[in-house]
Amino acid sequence: MNHAAQQGHQLNPYAIALCAAGRWIASRHWVPATGGNFSIRSGQHSALVTASGKDKGELSPQDLLPVSWPDGELLCPGKPSAETALHVRLYQLDESIKAVLHTHSVQATVFSRLIQTEQHVFNGYEMQKAIRGQLSHDTHCPLTVFDNTQDIPALAAGVATRWQQVQTASALLVRGHGLYVWGQSLEEAKRHLEAWEFLIHCELERIRLTGLV
Ligand SMILES: CSC[C@@H](O)[C@@H](O)C(=O)COP(=O)(O)O
Ligand SMILES: [Zn+2]
């Protein structure tokens, strides 16, 4: 990258905000060992996505790679996240999504393996109100769980097929893998991430204490 391009990258407010989010997420121990990836929408058909294999707590703006899908087909220079196709599919499914955060916390990973069904319904938690559209603790908020695969385009296609049920949560789980959340701003995606980590932690404790999944 030449000097001018590098400077442009360093001044990019989207890139700076995502690097700061990465430091916050890493401080919560939700992205160990280079796990996780993040993106932020930069245009109708474009986003910045974390480069693959980076420590997500030590990102600098040049680790955010521009990807685009002007005609639906993915164009990505360099080596963006191995899970870029899922980020892009989420942006395609809902134009209001502005940021996507993927994490590998211990509790989300363990919880996803305890849930044998395609969905786990959360009910009765005040924290549900931190999720877009959830107006009360008394609603039923379903979190959809997908089986893990290394075939990310296939996973993205599965998410698209079940989008009606997935979108309510602004989040999804991949079994034995981790959590995806999104939001209409980076701040909202961070709030969804913190809320889901809290809700999953509560359910994990409930299951531990009662033995009832
Ligand atoms: C620690 S391996 C984790 C990866 O396989 C993947 O799931 C992940 O979240 C990070 O991949 P990346 O390509 O760096 O975005
Ligand atoms: Zn992952």
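Just follow the structure's listing: the first ligand is 1, and inside any ligand the first atom is 1.
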ask   = In terms of side-chain geometry, is the basic nitrogen of Glu187 or Lys190 positioned less than 4.0 Å from the acidic oxygen of its partner?
value = no
ask   = Between His120 and Phe111, does a ring-ring contact (aromatic ring centres under 6.0 Å, His included) hold up when you go through it step by step?
value = CA-CA 10 Å; His120 184 81; Phe111 178 74; 5.2 Å; yes
request  = Please report how many protein N/O/S atoms lie under 2.8 Å from the Zn ion (ligand 2).
outcome  = 3
Side-chain donor/acceptor pairs under 3.5 Å, residues 20-30, sequence neighbours excluded:
unit_1: Ser27; atom_1: OG; unit_2: Trp24; atom_2: O; d: 2.6
unit_1: Arg28; atom_1: NH1; unit_2: Glu194; atom_2: OE2; d: 2.7
unit_1: Trp30; atom_1: NE1; unit_2: Arg28; atom_2: O; d: 3.4

query = Nearest 0.5 Å, what's the CG-CG distance between Asn148 and Leu155?
reply = 7.5 Å
ask   = Heavy-atom distance under 4.5 Å between the side chains of Ile207 and Leu114, does that happen here?
value = yes
note = Separation between OH (Tyr125) and CZ (Phe198), nearest 0.5 Å, reads 8.5 Å
message = Would you compute the distance between atom CG of Leu101 and atom OG of Ser39 and round it to the nearest 0.5 angstrom?
response = 7.5 Å
note = Quick note, salt bridge (Lys or Arg N to Asp or Glu O under 4.0 Å) partners involving residues 134-155, not counting sequence neighbours, are Asp147-Arg175
message = Can you tell me how the ring of His102 sits relative to the ring of Tyr180, calling it parallel under 30°, perpendicular over 60° and tilted otherwise?
response = parallel
Which pairs of N or O atoms, one from ligand 1 and one from the protein, are separated by less than 3.5 Å, and what is the distance for each pair?
unit_1: ligand 1; atom_1: 7 (O); unit_2: Glu83; atom_2: OE2; d: 2.6
unit_1: ligand 1; atom_1: 7 (O); unit_2: His104; atom_2: NE2; d: 3.4
unit_1: ligand 1; atom_1: 7 (O); unit_2: His177; atom_2: NE2; d: 2.9
unit_1: ligand 1; atom_1: 9 (O); unit_2: Gly36; atom_2: N; d: 2.9
unit_1: ligand 1; atom_1: 9 (O); unit_2: Asn37; atom_2: ND2; d: 3.4
unit_1: ligand 1; atom_1: 9 (O); unit_2: His102; atom_2: NE2; d: 3.3
unit_1: ligand 1; atom_1: 9 (O); unit_2: His104; atom_2: NE2; d: 3.0
unit_1: ligand 1; atom_1: 13 (O); unit_2: Ser52; atom_2: OG; d: 2.6
unit_1: ligand 1; atom_1: 13 (O); unit_2: Ala82; atom_2: N; d: 2.9
unit_1: ligand 1; atom_1: 14 (O); unit_2: Gly53; atom_2: N; d: 2.7
unit_1: ligand 1; atom_1: 14 (O); unit_2: Lys56; atom_2: NZ; d: 2.9
unit_1: ligand 1; atom_1: 15 (O); unit_2: Asn37; atom_2: ND2; d: 2.9
unit_1: ligand 1; atom_1: 15 (O); unit_2: Ser81; atom_2: OG; d: 2.7

